[in-house]
Amino acid sequence: MKVKIGLFALISFYFAACNTPPQNLRKAADRNDLDLGFAVHTSFFNMSADDPYIELLKKNANTLVAENIMKPVYIQPEQGVFHFEMADQLVDFAQANNMKVRGHCLVWHQQIPYWMNDTTFTREELLKIMEKHITTVVSRYKGKVKEWDVVNEAIDINEPDNFRRSVWYKVIGPEFIDSAFVYAHRADPEAILYYNDYDAEGMGEKSNAVYEMAQNLLKRNIPIHAIGLQSHFTINQIDLDAIEQNLNRIGELGLLANITELDIGIPADSFSDQALEEQAKSYGQLLQLILDKTNSTAFIIWGLHDGLSWIPGFSEGKRVAPLIFDPSLEPKPAYYKLLEIL
Ligand code: XIL
């Protein structure tokens with residue numbers, strides 16, 4: 001009898017051990033064939049290799065994106081002078097740790113150097129500038145950076161034609177978007193090319209405008225492959241059904257639809273354990289949505305821990321704690337929820 005019980009205990013222990021979820025998100029994401037990871041903060045570039053931030057990244061990400069340092073203002077601060085030191089550092093780190101890198105971003109109206117943001121350039125001149133920037137950056141990381149946010153935030157529904165009046169639009173016209181995708185595709189034909197935007201995750205005027213633009217690009221054979229849904233959310237304001245509908249219609253266009261900059265802020269005046277649970281629930285629901293869709297492959301969180309999130313500054317302190325680790329790098333309920341779902 002004793003032997004039987006002993007054997008039973010051993011077998012149950014064996015099965016329990018097999019079913020124990022891996023204690024990090026990376027392995028769990030790998031098993032699900034999901035690109036999961038974080039925007040890497042600028043302070044990363046001064047950290048020593050054994051910094052807890054880096055340890056945490058290695059355990060929990062199979063994909064990285066630079067929060068800032070691949071933006072034009074960092075890469076080409078002066079015309080024709082390219083600085084790749086930090087971008088190289090990130091790409092080397094990712095390669096050494098067998099991680100993917102998303103490139104963010106090539107053409108945007110913000111975080112471009114002063115010299116580039118100049119409407120006195122002729123159309124020809126600015127197209128050349130754009131071509132040179134895209135070609136230089138994308139070629140350098142060909143085969144290493146698998147995907148690029150080629151155009152970021154070009155839609156503004158307050159304009160009659162829905163296009164933001166950026167320097168690119170003003171000087172080149174809306175065709176700057178076509179050209180940006182074509183230049184990126186020429187520089188790395190294998191790269192997955194994204195249009196990326198905010199407030200266009202669910203159904204609404206802005207996501208309609210993004211959808212129509214993408215449809216239009218496809219009709220004209222412009223090489224676009226994916227829509228990035230930035231997903232800077234606030235708890236209790238996420239319409240999952242609308243996001244699902246949007247993912248579906250983007251899928252019907254034959255494009256990937258991925259979450260590229262997720263954070264879920266908590267209103268500072270209602271921060272509580274319950275709010276953290278609500279946040280965890282939303283992280284989980286969004287992850288489940290991405291796992292369920294065949295045209296969704298990535299779930300990228302905009303920062304590793306609450307101590308380094310851009311949200312409190314951006315919202316003037318009104319929204320806080322939007323990420324899955326707290327400022328002491330301890331996992332929050334949202335982390336456990338993601339692990340549970342994976
Ligand atoms: C933000 C960074 O997180 C901040 O550190 C920086 O000061 C401003 O940009 N949409 C984007 C991202 O595409 O590049 C932005 O990142 C957040 C909004």
Side-chain angles (χ1 to χ4, degrees), residues 37-47 53 57 61 63-77 86-87 90 101-114 116-117 133-134 137 145 147-157 163-164 166-169 176-177 180-181 184 192-202 206-207 209-210 213 224 226-234 237-238 257-265 298-325 327:
F38 306 89
V40 174
H41 194 260
T42 310
S43 55
F44 164 89
F45 301 94
N46 297 317
M47 288 176 187
Y53 180 102
L57 265 191
T63 304
L64 301 177
V65 55
E67 181 170 353
N68 285 299
I69 58 90
M70 282 196 187
K71 293 169 180 174
V73 71
Y74 285 88
I75 296 269
Q76 200 185 169
M86 287 188 283
L90 183 68
V101 180
R102 304 196 71 242
H104 174 82
C105 53
L106 298 169
V107 181
W108 192 21
H109 64 288
Q110 283 183 28
Q111 292 183 285
I112 49 177
Y114 188 72
M116 200 185 263
N117 199 359
H133 185 81
I134 292 177
V137 178
V145 170
E147 56 184 52
W148 282 99
D149 287 332
V150 177
V151 176
N152 199 30
E153 304 182 355
I155 301 283
D156 178 356
I157 51 170
F163 288 113
R164 181 186 301 282
S166 64
V167 66
W168 310 107
Y169 177 95
F176 84 85
I177 299 172
F181 280 96
I192 299 173
L193 305 183
Y194 281 65
Y195 175 79
N196 192 51
D197 214 330
Y198 64 95
D199 282 352
E201 294 82 12
K206 186 155 178 184
S207 73
V210 171
M213 181 201 64
I224 177 173
I227 303 293
L229 310 177
Q230 290 187 8
S231 307
H232 297 291
F233 291 131
T234 303
Q237 293 179 21
I238 303 175
N258 281 325
I259 290 186
T260 51
E261 302 186 12
L262 178 61
D263 41 37
I264 307 180
F299 188 84
I300 309 296
I301 302 171
W302 204 241
L304 185 61
H305 70 80
D306 287 339
L308 293 177
S309 166
W310 76 300
I311 286 294
F314 176 72
S315 67
E316 293 170 344
K318 292 198 181 73
R319 275 179 285 144
V320 297
L323 302 174
I324 67 168
F325 293 98

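We count ligands from 1, going down the list as the structure has it; atoms in each ligand are counted the same way.
Residue nearest to atom 8 (C) of ligand 1, selected from Q111, E153, E261: Q111 (by heavy-atom distance). If you check each of E67, H232, H104, Q230 against atom 2 (C) of ligand 1, the one with the closest non-hydrogen atom is E67.
The shortest N or O to N or O distance between W310 and ligand 1 is not under 3.5 Å.
Of all the heavy atoms of Y198, none lies under 4.0 Å from any atom of ligand 1, so neither backbone nor side chain is involved.
One side chain, N152 or Q230, offers a donor N or O that lies under 3.5 Å from an acceptor on the other. Remark: the E147 side chain and the N258 side chain contain no N/O donor-acceptor pair separated by less than 3.5 Å. In this model, no donor atom of one side chain and acceptor atom of the other lie less than 3.5 Å apart for D149 and W108.
The shortest contact between atom 5 (O) of ligand 1 and any protein heavy atom is with N68 ND2, 3.0 Å. The protein non-hydrogen atom at the shortest distance from atom 1 (C) of ligand 1 is K71 NZ, 3.7 Å.
Ligand 1 does not have F314 within reach: every non-hydrogen atom of the residue lies 4.0 Å or more from it. Residue contacts with ligand 1 leave out Q110, since none of its heavy atoms falls under 4.0 Å from the ligand.
Within ligand 1, the atoms closer than 4.0 Å to a non-hydrogen atom of N152 are 11 (C), 13 (O), numbered from 1 in the order shown.
Between K206 and the choices D156, D197, D199, the salt bridge (charged side-chain N to carboxylate O under 4.0 Å, His left out) rule is met once, by D197.
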